[in-house]
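Quick note: numbers below take in every heavy atom, side chains included, and nothing from hydrogens, waters or symmetry partners. Predicted model, so just to flag it, every value in this text is computed and none were measured.
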Amino acid sequence: QVQLVESGGGLVQNGGSLRLSCAASGTIFNINTISWYRQAPGKQRELVATITYGGEPNYADSVKGRFTISRDNAKDTVYLQMNSLKPEDTAVYYCNWRLGVYGRDNWGQGTQVTVSS
């Protein structure tokens, strides 16, 4: 019932910026958390940032101070502003919406972010 579509990925140079978007459609209710994950080749999927229902953000240490997660409630859209990008940030970025009392996860298909050195 929930469809998530990520956009905004691309190729940038070291030190550049990108803004990722994740738009949700369908039945959206009882939001627990909205998160961005990423997975680089040969690595485990990593939690990058989370925003709670109350709007409090949390970040992985690797992106703290460079990335900002935000939400537009009216548009059912979450954003990830990525500044000062590094080659280590290269990965497929996935949006996750955790919904319901049991915390069911909903995933988008991902968007590729590539940072050249």
Open item on the list: If you compare all heavy atoms of A91 against all heavy atoms of A40, which two are closest, and at what distance to 0.1 Å?
Closed with: CB-N, 3.8 Å
TODO: Supply the atom-to-atom distance L47 CG to N96 CG, rounded to the nearest 0.5 angstrom.
DONE: 8.5 Å
Task: Minimum heavy-atom distance between R38 and S62, given as atom pair plus value - done: NH2-OG, 3.5 Å
Task: Flag for N83-S17: side-chain donor and acceptor within less than 3.5 Å - done: yes
TODO: Taking all heavy atoms of L18 and all of V113, pick out the closest pair and write down the distance.
DONE: CD1-CG1, 3.9 Å
- [ ] Could you note down all residue pairs passing disulfide (SG to SG under 2.5 Å) where residues 58-87 supplies at least one of them, sequence neighbours left out?
- [x] none
Task: Salt bridge D89-K86, side-chain N to carboxylate O under 4.0 Å - done: no
- [ ] Could you tell me whether the side chain of M82 reaches within less than 4.5 Å of the side chain of L20, counting heavy atoms only?
- [x] yes
Task: Any donor-acceptor pair under 3.5 Å from N32 side chain to G100 backbone - done: yes
Task: Set of salt bridge (Lys or Arg N to Asp or Glu O under 4.0 Å) partners for D105, sequence neighbours left out - done: R98
Task: ILVMFWY network linking Y79 to W36, side-chain heavy atoms under 4.5 angstrom - done: no
Task: Non-neighbouring partners of T50 that pass side-chain hydrogen bond (donor to acceptor under 3.5 Å, both in side chains), sequence neighbours left out - done: S35
Task: Those residues that, when tested against K43, pass salt bridge (Lys or Arg N to Asp or Glu O under 4.0 Å) (two or more places apart) - done: none
TODO: Side-chain contact test, heavy atoms from C-beta onward, threshold under 4.5 Å: evaluate it for K75 versus S21 and give yes or no.
DONE: no
Task: Fellow cluster residues of V5, listed by chain then number, with links counted only when side-chain atoms sit under 4.5 Å apart - done: none
Open item on the list: By the disulfide (SG to SG under 2.5 Å) test, which pairs, at least two apart or in different chains, include something from residues 27-72?
Closed with: none
- [ ] Under the side-chain contact (heavy atoms from CB on, under 4.5 Å) rule, collect the residues that match up with T27, sequence neighbours excluded.
- [x] Q1, F29
Task: side-chain contact (heavy atoms from CB on, under 4.5 Å) involving T68 - partner list, sequence neighbours excluded - done: Y59, Q81
Open item on the list: Show, in sequence, the C-alpha distance, side-chain angles and deciding distance for N30 and L99, and conclude whether the side-chain contact (heavy atoms from CB on, under 4.5 Å) test is met.
Closed with: CA-CA 6 Å; N30 197 9; L99 306 177; 5.7 Å; no
TODO: Quick one: which residue pairs count as a disulfide (SG to SG under 2.5 Å) with a foot in residues 44-81, not counting sequence neighbours?
DONE: none
Task: Spacing of CD1 belonging to I31 relative to CG belonging to D76, to within rounding of 0.5 Å - done: 6.5 Å
- [ ] Could you tell me whether E46 atom CD has more than 12 heavy atoms of other residues or ligands within 6.0 Å of it?
- [x] yes
Task: By side-chain contact (heavy atoms from CB on, under 4.5 Å) - contacts of R45 (at least two apart) - done: Y37, Q39, Y94, W107
Open item on the list: Enumerate the disulfide (SG to SG under 2.5 Å) contacts for residues 11-117, please, sequence neighbours excluded, ordered by first and then second residue.
Closed with: C22-C95
Open item on the list: Given 3.5 Å as the limit, does a donor-acceptor pair link the side chain of T111 with the main chain of E6, or not?
Closed with: no
TODO: Go through the structure and list residues passing side-chain contact (heavy atoms from CB on, under 4.5 Å) with Q112, not counting sequence neighbours.
DONE: T90, V92, T114
